Amino acid sequence: MSELTTALRGQLPDDAVLTDPDILGTYAHDMASFCPAGTPAAVVLPRTVEEVQHTLRTADELRVPVVPQGARTGLSGAANATDGCVLLSLVRMNRILEINPVDRIAVVEPGVVNATLSRAVNEHGLFYPPDPSSWEECTIGGNIGTASGGLCCVKYGVTAEYVLGLDVVLADGRLLSTGRRTAKGVAGYDLTRLIVGSEGSLGVVVRATLALKAEPPRQLALAAEFPSADAACDAVCRIMAAGHTPSLLELMDSTTLRAVNEMTRMGLPETTEALLLAAFDTPDPAPRLRAVGELCEAAGASAVVPAEDFAESELLLQARRAALTALDRVKGASMIDDVCVPRSRLADMLDGVARIAAEHSLTIGVCVHAGDGNTHPTVCFDAADEEEAHRARVSFDEIMALGLSLGGTITGEHGVGVLKRRRLAEELGPVGLELQRGIKSVFDPHGILNPGKVL
């Protein structure tokens, strides 16, 4: 690998190329369980577009795999190293280049942290809606790579709906610009949407033009307790059928509530089987919250508790954001699924997950972006117990199969990566898979970009 490192260092700063084995190991994987990670040859930490181009030209000439990375908060193994690869970490490309209140856009580098951008645009009275639970750590580049979502998707949509244009370095080092800065634009095929969610397999995003919205009023929330998950899902269906558009509609089952309480000591109700959180960010949210509360009661809610103020609403959101971390602590390891189903099939999905948990004698907590049907069944297991770890892996696969059988998708926002690659062919079908592999070959003819991921 000396030829590779010599070539890389020819046009990169000394501190931009890391080869120490101990350091390489710390970059080798993201946060996914059961996803193998190889041994990289080098980590490259560019600060400029030109440095990214040099890295890819070098790798393409030498036929060395390149794995793009952000903050590595992903949950599918998409950022995991392959043997002998270059790990191309974009975290040093972290500048907000422009915030334009008139055009309502921001232009950013891929290493900008989601929360940093959100707070920066708030200072201009603007709002960047996508808010993954890891928003304090995850980067915009990673959000684009996995087409991530968040808690407010029910009203505002996912990352793909806010990416107007991209600068992308292709496998051979050429720079491609896609999309636009304008509010409208339909010229040519939509390469921007194609790259969003491609997990670094088509090119490396080095700049993004993002759409912004006017900052809404602070949201006010309520919590509704239910005697069963079925009743909570019924409430979700009633809320959406009545035409409400909450800024947040989240569900946590009793396993998740207990885990969050254990970690945070927030005092959430553990006697309930499901807790539904609803919020509105309209100028006068109280009437809408009352209407939603009545729908929850009609669906069988045992208690409906409106937040007294914005601070209490924020505490409820913090509890939901803590769910995945809390479940990870239950047995020391977890596998987090993100199967998305039609809202009308949510009850079937949660009932099926409960059945799978019982059949495999496992603890599986479920938190749900209920407003858009995106479920997060989280399998808790002891990684040191090989037999339990095997049951966890089998149950994870059965949950994906369940989601597909209900007309859903294997991933709503976490991506395919390594973890769900086998199931992707089942969802796409043979024609879809053939076309997607053809697209991959056009962008990356030598197959160096994130090989072994997605397709």
Side-chain angles (χ1 to χ4, degrees), residues 16-18 21 23-46 52 55-56 59 64-94 109-114 130 132-149 159 166 168-169 171 195-206 208 324 328 333-338 410-422 424 440 443-444 447-455:
V17 182
L18 309 179
I23 295 175
L24 296 184
T26 65
Y27 284 85
H29 56 84
D30 63 16
M31 296 178 67
S33 300
F34 291 112
C35 292
T39 302
V43 171
V44 174
L45 294 152
V52 175
T55 301
L56 286 171
V64 174
V66 176
V67 178
Q69 293 184 334
R72 291 179 291 110
T73 58
L75 295 165
S76 68
N80 284 15
T82 56
D83 285 335
C85 76
V86 172
L87 294 175
L88 182 58
S89 173
L90 286 305
V91 293
R92 290 181 179 176
M93 296 181 69
N94 58 3
E109 293 182 326
V112 172
V113 171
N114 184 294
S133 292
S134 58
W135 77 309
E136 293 281 6
E137 303 168 89
C138 64
T139 62
I140 296 297
N143 294 170
I144 291 169
T146 58
S148 61
T159 295
L166 295 170
V168 182
V169 178
I195 290 165
V196 175
S198 63
E199 301 180 41
S201 65
L202 300 181
V204 178
V205 173
V206 291
L324 300 184
D328 193 52
S334 65
M335 294 187 71
I336 303 169
D337 218 323
D338 77 311
I410 60 172
T411 176
E413 58 186 1
H414 291 172
V416 175
V418 176
L419 194 60
K420 300 186 175 186
R421 186 184 179 200
R422 186 174 66 84
L424 182 63
K440 164 72 170 171
F443 277 81
D444 180 22
I448 69 162
L449 287 174
N450 220 1
K453 317 292 174 57
V454 190
L455 300 175

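Not measured: the values here are computed from a predicted model. The figures that follow rest on heavy atoms only: side chains count, while hydrogens, waters and symmetry mates do not. Numbering starts at 1 and runs along the sequence shown.
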Worksheet item: E413: what forms a side-chain hydrogen bond (donor to acceptor under 3.5 Å, both in side chains) with it, not counting sequence neighbours?
Response: H369, H376

Donor-acceptor pairs are to be reported for all side-chain atoms of residues 84-91 against protein atoms at under 3.5 Å, with residues two or more places apart or in another chain.
none

Worksheet item: Once you round to the nearest 0.5 Å, how far does CE of M335 lie from CG of L419?
Response: 4.5 Å

Worksheet entry | side-chain contact (heavy atoms from CB on, under 4.5 Å) evaluation trace for D338 with K420 | CA-CA 10 Å; D338 77 311; K420 300 186 175 186; 2.7 Å; yes

Worksheet item: side-chain contact (heavy atoms from CB on, under 4.5 Å) between V168 and V204: does it pass, once the steps are laid out?
Response: CA-CA 5 Å; V168 182; V204 178; 5.6 Å; no

Worksheet item: Which atoms form the tightest heavy-atom contact between L24 and A41, and what is the distance?
Response: CD1-O, 3.9 Å

Item to complete: Can you see which heavy atom on A42 is nearest to which on V17, and at what distance?
Response: CB-CG1, 4.4 Å

Worksheet item: Would a distance-only check, ignoring hydrogens and angles, find a side-chain to backbone donor-acceptor pair under 3.5 Å from K453 to V67?
Response: no

Discussion item. When you compare the side chain of Q69 with that of V43, does any pair of heavy atoms fall below 4.5 Å?
Written reply: no

Worksheet item: Quick check: does any side chain N or O of R72 sit under 3.5 Å from a backbone N or O of H29, one acting as donor and the other as acceptor?
Response: yes

Practice prompt. Could you name each residue pair satisfying salt bridge (Lys or Arg N to Asp or Glu O under 4.0 Å) that touches residues 78-87, not counting sequence neighbours?
Written response: none

Worksheet entry | Shortest non-hydrogen contact from D328 toward S334 | OD1-OG, 2.9 Å

Fill in: side-chain hydrogen bond (donor to acceptor under 3.5 Å, both in side chains) against E137, all qualifying residues, sequence neighbours excluded
none

Fill in: With A78 via side-chain contact (heavy atoms from CB on, under 4.5 Å) - residues at least two apart
S76, E199

Response to the item:
To the nearest 0.5 Å, atom CG of L75 lies from atom CG of D30 at 7.0 Å

Item to complete: Give, for atom CE of M31 and atom CG of N80, the distance between the pair rounded to the nearest 0.5 Å.
Response: 12.0 Å

Worksheet, complete the sentence: Residues V418 and G77: closest non-hydrogen pair is CG2-O, 3.7 Å

Worksheet entry | pair L45-Y27: side-chain heavy atoms closer than 4.5 Å | yes

Worksheet item: In Å, rounded to the nearest 0.5 Å, how long is the span from CG of N450 to NZ of K440?
Response: 7.0 Å

Worksheet item: So, does N143 use its side chain to make a donor-acceptor pair with the main chain of T159 at under 3.5 Å?
Response: no

Response to the item:
Heavy atoms of A208 and L166 approach each other most closely as CB-CD2, 3.7 Å

Response to the item:
Sorted by chain and residue number, the side-chain contact (heavy atoms from CB on, under 4.5 Å) partners of L424 (sequence neighbours excluded) come out as I410, V416, L428, V454, L455

Worksheet item: Does V113 offer a backbone N or O that forms a donor-acceptor pair with the side chain of N94 under 3.5 Å?
Response: no

Worksheet item: Shortest non-hydrogen contact from G70 to T139?
Response: CA-OG1, 3.8 Å

